[in-house]
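Below is one structure, written out as structure tokens; comments come after it.
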Amino acid sequence: MDTTPRPATGELVFRDAEPADADALVSLIESAYRGDSSRSGWTTEADILEGQRTDPDGVLDVIKSTGGKLLVVERDGALVACCQLESRGDAAYFGMFAVRPDLQGAGLGKVIIAEAERAARESWSASEMHMTVISVRDDLIAWYERRGYRRTGKMTPFPYGDERFGIPQRADLQFELLVKALA
């Protein structure tokens, strides 16, 4: 008889991604940000960027990174979300955050970001969480501000001409650094 503890129905399970997860993670990330499927959620970038958001090589690089991890979030055995965590000295970087579009707006993102912050504090004693957000994404930035992140005004250029990150539909894209102190 198998006595392995199983998560309760509907309970979120967090685990480190494995190389075999790469294709499913690319599909999840693409569905949350690009193309028509992303329009069913609120995190879509389909109006500002076309093309891909990531690719299997990019996801595998994060999975294999020695200074970070890609967290997979499952519910009832199905992939529902993911996020990247990377140690950067006293800070941790939060990126590659995606929630399945049909599950967005139900509070799942809040739970995942709280778990990511906890993991960064416990794994690396990080005192801050950093992330970059496309500066024209006012709704997304406001969501992060409600979670305690602050805009720094520090901008980095969007990689125009590098289609690995998408095909910009606007000429004013750049990334803004958001920061949160971790208690």
Side-chain angles (χ1 to χ4, degrees), residues 2-34 37-38 40-45 52-133 137 140-141 143-149 177-183:
D2 182 7
T3 59
T4 306
R6 303 262 187 252
T9 301
E11 182 177 311
L12 295 179
V13 175
F14 293 82
R15 66 173 175 82
D16 291 351
E18 300 171 358
D21 296 318
D23 289 339
L25 288 164
V26 169
S27 294
L28 169 68
I29 294 163
E30 295 296 319
S31 75
Y33 291 97
R34 302 291 163 79
S37 66
S38 70
S40 66
W42 69 272
T43 61
T44 185
E45 296 171 344
Q52 70 179 32
R53 176 88 189 295
T54 191
D55 58 30
D57 289 338
V59 170
L60 282 170
D61 287 346
V62 175
I63 291 171
K64 294 177 180 178
S65 168
T66 58
K69 57 181 144 188
L70 187 56
L71 286 179
V72 169
V73 185
E74 296 173 326
R75 179 183 281 153
D76 299 328
L79 176 64
V80 297
C82 68
C83 66
Q84 170 192 11
L85 289 173
E86 182 180 308
S87 178
R88 295 186 176 175
D90 291 339
Y93 178 78
F94 178 81
M96 212 175 273
F97 185 29
V99 174
R100 222 172 66 192
D102 63 322
L103 299 176
Q104 292 177 14
L108 190 56
K110 295 175 194 173
V111 172
I112 294 165
I113 200 166
E115 174 60 18
E117 292 166 358
R118 184 205 61 76
R121 280 191 310 271
E122 290 185 10
S123 297
W124 303 309
S125 300
S127 60
E128 287 185 333
M129 186 76 87
H130 293 186
M131 71 174 71
T132 55
V133 178
R137 297 290 319 277
L140 186 58
I141 291 170
W143 187 86
Y144 285 120
E145 287 178 314
R146 291 191 299 274
R147 313 263 113 38
Y149 287 81
L177 176 67
L178 303 183
V179 175
K180 179 180 180 178
L182 300 178

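These figures come from a predicted structure and were not determined experimentally. Sequence positions, counted from 1, serve as the residue numbers for this chain.
- With contacts defined as side-chain heavy-atom distances shorter than 4.5 Å, the pair Glu30/Thr54 qualifies.
- Under the 30°/60° scheme for interplanar angles, the aromatic rings of Trp143 and Trp42 are found to be tilted.
- Nearest approach of Ala91 to Ala126, heavy atoms of both residues: C-CB, 4.1 Å.
- Nearest heavy atom pair, residue Leu28 against residue Val99, reads CD1-C, 4.2 Å.
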TODO: Please step through side-chain contact (heavy atoms from CB on, under 4.5 Å) for the pair Val111 and Val73, ending with a clear verdict.
DONE: CA-CA 11 Å; Val111 172; Val73 185; over 6 Å; no
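- The distance from atom CG of Leu60 to atom OG of Ser65, rounded to the nearest 0.5 Å, is 12.0 Å.
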- [ ] For Lys69 and Ser123, run side-chain contact (heavy atoms from CB on, under 4.5 Å): C-alpha distance rounded to whole Å, both residues' side-chain angles, the deciding distance at 0.1 Å, then the answer.
- [x] CA-CA 11 Å; Lys69 57 181 144 188; Ser123 297; 3.6 Å; yes
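- To the nearest 0.5 Å, atom CZ of residue Arg53 and atom CG of residue Asp55 are 12.5 Å apart.
- For the pair Tyr93/Thr132, a side-chain contact is recorded, criterion being any heavy-atom separation below 4.5 Å from C-beta on.
- Counting only distance, with no hydrogens or angles, the side chain of Arg34 and the backbone of Gln52 share a donor-acceptor pair below 3.5 Å.
- Within the 3.5 Å criterion, the main-chain N or O of Ser40 finds no donor-acceptor partner in the side chain of Thr44.
- Taking CZ of Arg88 as the reference point, atom NE2 of His130 lies at 9.0 Å (rounded to 0.5 Å).
- No side-chain heavy atom of Val72 sits under 4.5 Å from any side-chain heavy atom of Glu18.
- Heavy-atom contacts from other residues, nucleotides or ligands closer than 6.0 Å to CG of Asp90 number 12 or fewer.
- Atom CG of residue Leu85 and atom CG of residue Asp16 lie 9.0 Å apart, to the nearest 0.5 angstrom.
- Side-chain contact between Tyr149 and Met129 is present, with heavy atoms from C-beta onward closer than 4.5 Å.
- The backbone N or O of Gly10 sits less than 3.5 Å from a side-chain atom of Arg75, completing a donor-acceptor pair.
- Here the SG atom belonging to Cys82 is positioned 7.5 Å from the CE atom belonging to Met96, to the nearest 0.5 angstrom.
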- [ ] Determine, stepwise, if the pair Leu108 / Arg100 fulfils side-chain contact (heavy atoms from CB on, under 4.5 Å).
- [x] CA-CA 10 Å; Leu108 190 56; Arg100 222 172 66 192; over 6 Å; no
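- Contact record, Ser31 with Pro101: O-CG, 3.0 Å, taken as the closest heavy-atom pair.
- With values rounded to the nearest 0.5 angstrom, Phe97 atom CZ is found 7.0 Å from Tyr33 atom OH.
- Side-chain atoms of Gln104 come within 3.5 Å of backbone N or O of Thr43 as a donor-acceptor pair.
- Between Pro56 and Asp23, the shortest heavy-atom contact is CG-OD1, 3.9 Å.
- Side-chain contact between Asp21 and Arg15: present, with at least one pair of heavy atoms (C-beta onward) separated by less than 4.5 Å.
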Open item on the list: Set out, in order, the CA-CA distance, both residues' side-chain angles and the distance that settles side-chain contact (heavy atoms from CB on, under 4.5 Å) for Ile112 and Phe14, then state yes or no.
Closed with: CA-CA 9 Å; Ile112 294 165; Phe14 293 82; 4.2 Å; yes
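- No side-chain heavy atom of Leu178 sits under 4.5 Å from any side-chain heavy atom of Arg147.
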